[in-house]
Amino acid sequence: MTAPTSTEAFVHPALFYRGDREYLNGTVPFIRDGLRTGEPVAVAVPGPNLALLQEALDEDATTVHFVDMTTAGRNPGRIIPAVLHAFADAHPGTRVRIIGEPIWPGRSSLEYPACAQHEALINPAFRGRNATILCPYDADRLDEQVLTDAYATHPVVVSRGHQQPSPSYAPGHVVERYNLPLSPTEGAAEAHVFGVDELSAVRHFAVERAARLGLSGTRLEDLALAVAELTTNSVVHGGGSGTMRVWAEGSQVVCEVRDRGHISDPLAGRRPPALDQRGGRGLLLAHLLADLVRVHTGPDGTTIRCYIAC
C-alpha cells in the first residue's frame, strides 16, 4: 500500500493484517513508496516482524531506520517522545513516514490500557505535523477489543488491501475510558506520607526498599531518579504533599505516588518539552526510565505507578 490519501498533514492509518503475507503486502510498498519520494522512513515493530521486513526489503533495508519496539516501546508512554517524535524531529522540514506497532500478542492486560491511550494520543501529538504513521495490528491473534479500539484511535483502517474511514473514530473517548482507577494491590507496603520537608527521606526509603526487593545497578538508579521527579511533582503541582508505596509484583518493583493534583493535559509526560521550557520534565523522565507507567487522574487526585524490572 501507499500512504492513504488525505488532505491533512498528519495521516494515521491502522493496518489489519492476517499472516506474514498480508503484513508484508501492507508494509513493504508503504516503505518503498516513502523511499522513492525521498521521505525518511522509520520502522518500529516487534523483533520477529523487524527481521521479516529487513529480509523482504533486501538492499532497501540499509536506508531505513529500524527500532525493536519490544525494547524501545516496552513502556507505551515513551513511544511518542522517544521513538516517534525523536525520528520526526531529527528531520525538520521534511515529511516522514513511520511504521509503529505498539501492540502485539503477548502484551499484558496490565500494559494494554497504556497502549490504547498511546494510540489515541498520537493524534493530538502529531496534529499538523507532516508525517504518516502506519500502525499494524495482527487481526488473527489480538483480542477483538483491541481491534475495536483501533477503529476508535485511527481515522483510517486498511484491511485486506482496502482502506476506509473508521466509522467509530473517537480517540478522546479512548483516553478517558482507559483512565482507570488503580486499585490497591495485595501485598503493597504501607503508604509513606511526604511533604517538602520529607522529600529526601522518602526517596532514601524508596531506594532502600527497592534494593531489598531485588533492584540493583542502573535499574536502582532509574527508580531513584523517577521517585525524585514524581515526589517533587507532588509537592510542586500536587497540593504540596503525597503518599508513596513500593512493593514487588513478580519480577518487577512497583513505585506508586499519589497526590491531590489533577493532570489536565493527556499528553503530559509524553510530549518532548521545548528547549527553553523550565520544569515539566518529571513525568517524562519517569516514562523514559520505567518499563511501564500507569496513570489515573481526576478531580480528586492523581496516582502514578512505575514498574521497573529487576
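Index from 1, following the sequence.
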- Task: May I ask you to decide whether Asp143 forms a salt bridge with Arg107, counting only side-chain N to carboxylate O separations under 4.0 Å?
- Result: no
- Message: If you apply the rule side-chain contact (heavy atoms from CB on, under 4.5 Å), what do you find for Leu35 with Val64, and how did you get there?
- Response: CA-CA 8 Å; Leu35 296 177; Val64 175; 4.1 Å; yes
- Min side-chain heavy-atom separation Pro155-Asn123 under 4.5 Å: yes
- Message: So Leu283 and Ile263, do their side chains get closer than 4.5 Å, heavy atoms only?
- Response: yes
- Pairwise side-chain contact, Ser159 with Arg18, heavy-atom cut-off 4.5 Å (strictly under): yes
- Under the 3.5 angstrom rule, does the side chain of Glu208 hit a backbone N or O of Phe205 as a donor-acceptor pair? no
- Task: Assert yes or no for the condition that the ring centre distance of His12 to Phe10 is strictly below 6.0 Å.
- Result: yes
- Item | Leu284 reachable from Leu225 in the ILVMFWY side-chain graph, under 4.5 Å edges | no
- Query: Under the 3.5 angstrom rule, does the side chain of Arg95 hit a backbone N or O of Ala131 as a donor-acceptor pair?
  - Reply: yes
- Message: I'd like to know whether Arg36 forms a side-chain contact (heavy atoms from CB on, under 4.5 Å) with Asp33, so could you lay out the CA-CA distance, the side-chain angles of the two residues, the decisive distance to 0.1 Å, and finally the verdict.
- Response: CA-CA 5 Å; Arg36 185 172 59 254; Asp33 182 64; 2.5 Å; yes
- Message: Tell me if a side-chain donor or acceptor on Glu256 pairs with a main-chain N or O of Arg305 at a distance below 3.5 Å.
- Response: no
Less than 3.5 Å apart, which donor and acceptor atoms pair up between the side chains of residues 74-90 and the rest of the protein, not counting sequence neighbours?
from: Arg74; atom 1: NE; to: Glu111; atom 2: OE2; distance (Å): 3.3
from: Arg74; atom 1: NH2; to: Glu111; atom 2: OE1; distance (Å): 3.2
from: Arg74; atom 1: NH2; to: Glu111; atom 2: OE2; distance (Å): 2.8
from: Asn75; atom 1: OD1; to: Gly77; atom 2: N; distance (Å): 3.1
from: Asn75; atom 1: OD1; to: Val293; atom 2: N; distance (Å): 3.3
from: Asn75; atom 1: ND2; to: His287; atom 2: O; distance (Å): 2.8
from: Asn75; atom 1: ND2; to: His287; atom 2: ND1; distance (Å): 3.3
from: Arg78; atom 1: NE; to: Ala72; atom 2: O; distance (Å): 2.9
from: Arg78; atom 1: NH1; to: Ala290; atom 2: O; distance (Å): 2.7
from: Arg78; atom 1: NH2; to: Thr71; atom 2: O; distance (Å): 3.0
from: His85; atom 1: ND1; to: Arg129; atom 2: NH1; distance (Å): 3.3
from: His85; atom 1: NE2; to: Ala125; atom 2: O; distance (Å): 3.4
from: Asp89; atom 1: OD1; to: Arg129; atom 2: NH1; distance (Å): 3.3
from: Asp89; atom 1: OD1; to: Arg129; atom 2: NH2; distance (Å): 3.0

- Query: Run the side-chain contact (heavy atoms from CB on, under 4.5 Å) check on Arg212 and Val246 step by step: do they pass?
  - Reply: CA-CA 11 Å; Arg212 290 199 302 271; Val246 180; over 6 Å; no
- Query: For Gly261 and Thr302, which heavy atoms make the closest approach, and how far apart are they?
  - Reply: O-OG1, 2.8 Å
- Taking all atoms of both residues into account, what is the closest heavy-atom pair of Cys310 and Leu213, and its distance? SG-O, 3.9 Å
- Message: If I compare all heavy atoms of Asn130 with all of Ala9, which pair ends up nearest, and what's the gap?
- Response: OD1-CB, 3.4 Å
- Item | Donor-acceptor contact present, side-chain Asn179 to main-chain Thr297, <3.5 Å | yes
- Between Val41 and Val96, is any pair of side-chain heavy atoms under 4.5 Å apart? no
- Item | Donor-acceptor contact below 3.5 Å, side chain Arg219 vs main chain Ile308 | no
- Item | Other ILVMFWY residues reachable from Val67 by side-chain steps of under 4.5 Å | none
- Task: Check Glu101, Arg160, Glu22 against Tyr17 for a side-chain hydrogen bond (donor to acceptor under 3.5 Å, both in side chains) and give me the one that passes.
- Result: Glu101
- How about Trp104 and Pro48: do any of their side-chain heavy atoms sit closer than 4.5 Å? no
- Query: Are Asp149 and Gln145 linked by a side-chain donor-acceptor pair shorter than 3.5 Å?
  - Reply: yes
- Query: Is the backbone N or O of Pro105 less than 3.5 Å from a side-chain atom of Arg141, with the two atoms forming a donor-acceptor pair by type?
  - Reply: no
- Query: Hey, does the side chain of Thr63 reach the backbone of Asp60 with a donor-acceptor pair shorter than 3.5 angstrom?
  - Reply: yes
- Would Thr132 and Phe30 count as a side-chain contact (heavy atoms from CB on, under 4.5 Å) if you check the C-alpha gap in whole Å, the side-chain angles of each, and the deciding distance to 0.1 Å? CA-CA 10 Å; Thr132 303; Phe30 174 85; 3.7 Å; yes
- Task: Would you confirm whether His237, through its side chain, and Asn233, through its main-chain N or O, come within 3.5 Å as a donor-acceptor pair?
- Result: no
- Task: Evaluate the side-chain proximity of Arg294 to Pro113: yes if any heavy-atom separation is below 4.5 Å, no if none is.
- Result: yes
- Item | Within-4.5 Å side-chain heavy-atom neighbours: Asp138 and Tyr23 | no
- Flag side-chain contact, heavy atom, 4.5 Å: Gln117 against Arg270: yes
- Is Tyr151 isolated, or which residues cluster with it under the ILVMFWY side-chain rule of less than 4.5 Å, directly or via members? Phe16, Ile103, Tyr112, Tyr137, Leu142, Val146, Leu147, Val157, Val174, Tyr178, Leu180
